[in-house]
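Notes to accompany the following structure.
Worth knowing before you read on, the calculation uses all heavy atoms, side chains too, and leaves out hydrogens, waters and symmetry mates.
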Amino acid sequence: MSRHIQVTFDAHDPRALSTFWRDVLGYVHPGPPGVDLPEDADPLAAWDDFLTRVGVPEEERGTRSAIEDPDGNGPRLFFQQVPEDKVAKNRVHLDVRAAPGLEGEERMAALEAECDRLVALGATRVRRDEPAPPLSAGFIVMADPEGNEFCLD
């Protein structure tokens, strides 16, 4: 039997980092438990209201955030506040499939276009690795706003 997974990120600013990854992946912030949100409602504002209502102290309200695949296929991503900085290369990173089925220059052009979009969202381009068939189709290494590396693949 397969298992569902949740990917957890340590972060200084969980809300900002979850918003970045929401926009990268096309995910959504879920609403608070037991709250039915109208389609045009802001789930983060709903969380602020919910946390106030249940008595969570203001200094603890930004310590966690989560995003989910609106289609229910991908893993949930959870963001938790930690005090320490990232000091070394990630031991696990995400590969964002931005050019499925494409090869060669067409693939790399699609990756470059997605790279430009993500840089505008706050990512940093680290490097481009050219295609080296048959083992590599080429990819772009990037970092999210808190320095976590990921690949456009």
Side-chain angles (χ1 to χ4, degrees), residues 1-54 56 58-86 88-102 106-129 137-153:
M1 174 167 96
S2 68
R3 304 272 194 255
H4 292 275
I5 66 165
Q6 170 176 282
V7 178
T8 300
F9 286 73
D10 290 346
H12 284 291
D13 186 345
R15 181 176 278 200
L17 195 57
S18 71
T19 298
F20 169 80
W21 281 104
R22 177 200 67 196
D23 294 345
V24 170
L25 299 173
Y27 272 37
V28 297
H29 285 103
V35 175
D36 288 325
L37 294 178
E39 199 166 308
D40 62 342
D42 177 359
L44 294 177
W47 272 103
D48 290 339
D49 293 344
F50 175 81
L51 295 172
T52 299
R53 195 170 60 253
V54 298
V56 173
E58 192 168 336
E59 65 274 7
E60 292 180 25
R61 293 183 196 160
T63 62
R64 297 168 185 84
S65 190
I67 58 173
E68 297 174 346
D69 179 350
D71 299 325
N73 298 321
R76 181 176 192 261
L77 302 185
F78 179 71
F79 302 82
Q80 63 186 2
Q81 190 173 59
V82 297
E84 64 273 0
D85 290 329
K86 179 183 172 294
K89 185 181 184 314
N90 324 9
R91 295 296 300 258
V92 174
H93 72 261
L94 302 182
D95 288 336
V96 178
R97 304 285 186 194
L102 301 179
E106 184 181 19
R107 172 187 170 77
M108 297 311 290
L111 296 180
E112 289 291 349
E114 183 66 357
C115 177
D116 291 345
R117 184 181 81 84
L118 301 186
V119 166
L121 293 175
T124 302
R125 179 190 182 109
V126 176
R127 73 174 188 277
R128 173 176 161 150
D129 281 41
F139 56 93
I140 298 175
V141 179
M142 303 194 70
D144 73 16
E146 291 201 12
N148 301 300
E149 289 186 8
F150 65 97
C151 291
L152 291 179
D153 183 10

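You'll find the side chain of Phe50 stays beyond 4.5 Å of the side chain of Val56, heavy atoms only. Between Glu112 and Ile140, the closest side-chain pair of non-hydrogen atoms falls below 4.5 Å. Phe79 places none of its side-chain heavy atoms less than 4.5 Å from the side chain of Thr19. Residues Asp85 and His12 are in side-chain contact: their nearest non-hydrogen atoms beyond the backbone lie under 4.5 Å apart.
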List the atom pairs, with distances to 0.1 Å, where a side-chain N or O of residues 113-121 and a protein N or O form a donor-acceptor pair under 3.5 Å, not counting sequence neighbours.
residue: Glu114; atom: OE1; partner: Arg117; partner atom: NE; Å: 3.0
residue: Glu114; atom: OE2; partner: Arg117; partner atom: NE; Å: 3.4
residue: Glu114; atom: OE2; partner: Arg117; partner atom: NH2; Å: 2.8
residue: Arg117; atom: NH1; partner: Asp23; partner atom: O; Å: 3.2
residue: Arg117; atom: NH2; partner: Asp23; partner atom: O; Å: 3.3
residue: Arg117; atom: NH2; partner: Val24; partner atom: O; Å: 3.1

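A salt bridge does not link Lys86 with Asp144: none of the charged nitrogens is closer than 4.0 Å to a carboxylate oxygen.
Without hydrogens or angle criteria, Trp21 side chain to Ala66 main chain gives no donor-acceptor distance under 3.5 Å. Using modelled atom types, one side-chain atom of Glu146 and one backbone atom of Asp13 make a donor-acceptor pair closer than 3.5 Å. Side chain of Tyr27 to backbone of Arg76: no donor-acceptor contact under 3.5 angstrom is found.
More than 12 heavy atoms of other residues, nucleotides or ligands sit less than 6.0 Å from atom CZ of Arg125. No more than 12 heavy atoms of other residues, nucleotides or ligands shown are found within 6.0 angstrom of CD on Glu58. Crowding of Asp36 atom CG: a count of heavy atoms from other residues, nucleotides or ligands under 6.0 Å not exceeding 12. For CD of Gln80, the number of neighbouring non-hydrogen atoms (other residues, nucleotides, ligands) closer than 6.0 Å is greater than 12.
With Asp48 as the fixed residue, the salt bridge (Lys or Arg N to Asp or Glu O under 4.0 Å) test singles out one of Arg53, Arg61, Arg15: Arg15.
Distance check: Gln81 CD to Asp10 CG gives 10.5 Å after rounding to the nearest 0.5 Å.
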Problem - Stepwise side chain to side chain contact (heavy atoms under 4.5 Å, CB included) test for Thr124 and Glu149 - result: CA-CA 9 Å; Thr124 302; Glu149 289 186 8; over 6 Å; no

Handout entry: side chain to side chain contact (heavy atoms under 4.5 Å, CB included) evaluation trace for Trp47 with Val35
Key = CA-CA 9 Å; Trp47 272 103; Val35 175; over 6 Å; no

